[in-house]
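Input: a single structure, listed below in structure tokens.
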Amino acid sequence: MRLATWNVNSVTARLPRLVDWLAATKPDIVCLQETKTATFPAASVEELGYQVAAHGDGRWNGVAVLSRVGLDEVTAGFPDEPGFPGAETRALGVTCAGVRMWSVYVPNGRTVDSDHYGYKLAWLAGLRTALEHELATHPKLVVCGDFNVAPADSDVWDPAAFVGATHVTGPERAALAALRDLGLVDVVPRPLKGSNPFTYWDYRAGMFHQDMGMRIDLFYATASVAGEVTDAYIDREARKGKAPSDHAPIVVDIG
DNA sequence: ATGCCTTATTTCATAAGA
């Protein structure tokens, strides 16, 4: 079974590329983030045999899951989900082929001294609580997507450039560690080029071509799933060419 | 990198992204 996660930076703008990528890559389950629409273009992916669950409300955020191996127990958001000020469309849980899948788009945090940073930490803490409850009834679980946190200094192109910035702070990294403490394993994908498993490169100034990126998209899975992984890679081809997302998909094959 | 690109929208300007 092939699983994937991809921050598409607008499913509307990315639809032609998404459809081509689905046809070429043939994933069974795909978690999407930053769909940026209240009206997911379901028909275009249903033609390829996918069922769709989407949670979006317009201009910002938005998550979805596509599956061609069943799609049940759809949960938009989670209990007591923190908001800014109201809950946003950042989490979607579904069950596919016996695996509980969560597609998440963690708040950016903006700057360390902003209210949005506190919101980010509160949201991650809330996610942890929700997943702790989920794990009681779903022993095979994956939570993947854009976490907006680089787990280690090696996960950014230049740690010196991030001093004082969000995405690399101790509290953000502690929030990820708290998720792993639930029994979730960080499935690190292999880069197809270069030495770092970056998943995001800024659009500007040739960042992608200089491999000045970040690993902020993550695939966390229970040991029962992670132990079955036969391959995991970052599809940098999807970051190339005309009108790409600024994130590349992570593809994970389960034996 | 100091949003130098890109997105959608309350559009020809703005807010947000990381």
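These figures come from a predicted structure and were not determined experimentally. Chain A is the first sequence line, chain B the second, and so forth, proteins listed ahead of strands; every chain is numbered from 1.
Between A:Asn148 and B:dA18 there is a side-chain polar atom (N or O) within less than 4.0 angstrom of OP1 or OP2. Between A:His247 and B:dA18 there is a side-chain polar atom (N or O) within less than 4.0 angstrom of OP1 or OP2.
For A:Ser10, counting side-chain heavy atoms from C-beta on, the closest listed nucleotide (B:dA15, B:dT6, B:dA8) is B:dA8. Comparing B:dG17, B:dT7, B:dC5 by their closest approach to the side chain of A:Ala13 singles out B:dT7. Closest contact between the side chain of A:Arg204 and the listed nucleotides B:dG17, B:dC5, B:dA18 involves B:dC5. Here B:dA8 is the nucleotide among B:dC4, B:dA18, B:dA8 with the atom lying nearest to any side-chain atom of A:Thr12. With B:dG3, B:dT7, B:dA18 as the choices, the nucleotide that has an atom nearest any side-chain atom of A:Met214 turns out to be B:dA18. Between B:dA18, B:dC4, B:dT7, one nucleotide has an atom nearer to the side chain of A:Ala205 than all others, and that is B:dC4. Candidate nucleotides B:dT6, B:dA18, B:dA15 were compared by shortest atom distance to the side chain of A:Arg14, and B:dT6 ranks first. The nucleotide whose nearest atom lies closest to any side-chain atom of A:Trp60 is, among B:dA16, B:dA8, B:dA18, B:dA16.
Atom P of B:dA15 sits at a distance of 14 Å from the matching atom of B:dC4, rounded to the whole Å. When the C1' atom is used for both B:dT11 and B:dT6, the distance is 15 Å, rounded to whole Å. Between B:dC5 and B:dT10, the distance separating the two P atoms is 27 Å to the nearest Å. Separating the C1' atom of B:dC12 from that of B:dT2 is a span of 25 Å, rounded to the nearest Å. For the P atoms, the distance from B:dT14 to B:dA1 is 25 Å, rounded to whole Å.
Atom CG in A:Asp115 sits roughly 12 Å away from atom P in B:dA16 (whole-Å rounding). Straight-line distance from the CD atom of A:Glu172 to the C1' atom of B:dA18: 10 Å, rounded to whole Å. A straight line from CG of A:Asn9 to P of B:dA15 spans 19 Å, rounded to a whole angstrom. Taking atom CE of residue A:Met212 and atom C1' of nucleotide B:dA1, one finds them 8 Å apart after rounding to whole Å. If you measure from atom OH of A:Tyr119 to atom P of B:dA16, you get 13 Å, rounded to the nearest angstrom. Whole-Å rounding puts the A:His167 NE2 to B:dG17 P distance at 9 Å. In this entry the distance linking CG of A:Asp246 with P of B:dA16 reads 17 Å, nearest Å. In this structure, A:Arg59 atom CZ and B:dG17 atom C1' are separated by 11 Å, rounded to whole Å.
Two residues, A:Ala243 and A:Asp146, neighbour DNA chain B, and the one matched to the more 5' nucleotide by heavy-atom proximity is A:Ala243. Mapping A:His116 and A:Met207 onto DNA chain B via the closest heavy atom, the residue that lands nearer the 5' end is A:Met207.
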* Applying salt bridge (Lys or Arg N to Asp or Glu O under 4.0 Å), run through A:Asp231 and A:Arg190 and close with a yes or a no. => CA-CA 8 Å; A:Asp231 191 18; A:Arg190 61 189 172 87; 2.8 Å; yes
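Here the rule is ring-ring contact (aromatic ring centres under 6.0 Å, His included) with A:Phe84, and of A:Tyr119, A:Trp60, A:Tyr117 only A:Tyr119 fits it.
If you check every strand for non-hydrogen atoms under 4.0 Å, A:Ala161 touches nothing. Counting non-hydrogen atoms under 4.0 angstrom, A:Tyr105 reaches the backbone sugars and phosphates but no base. As judged by a 4.0 angstrom heavy-atom cut-off over every strand, A:Asp202 is placed among the base-contacting residues. In this structure, A:Asn108 reaches the bases: a heavy-atom distance under 4.0 Å links it to at least one base atom across the strands shown. Residue A:Thr166 is out of contact with every strand shown, counting any heavy-atom pair closer than 4.0 Å. As judged by a 4.0 angstrom heavy-atom cut-off over every strand, A:Asp158 is placed among residues making no nucleic acid contact.
A salt bridge links A:Asp153 and A:Arg173; the closest N-O separation between the charged side-chain nitrogens and carboxylate oxygens is under 4.0 Å. Using a 4.0 Å cut-off between a side-chain N of Lys or Arg and a carboxylate O of Asp or Glu, A:Arg68 and A:Asp28 qualify as a salt bridge. The existence of a salt bridge linking A:Asp186 and A:Arg215 is confirmed by a sub-4.0 Å separation between a basic side-chain nitrogen and an acidic carboxylate oxygen.
Annotation: A:His167 is not in aromatic contact with A:Phe162 [ring centroid separation under 6.0 Å not met]. Ring centers of A:Trp157 and A:Trp201: at least 6.0 Å apart, outside the cut-off.
No donor-acceptor contact under 3.5 Å links the side chain of A:Arg110 to the base of B:dA16.
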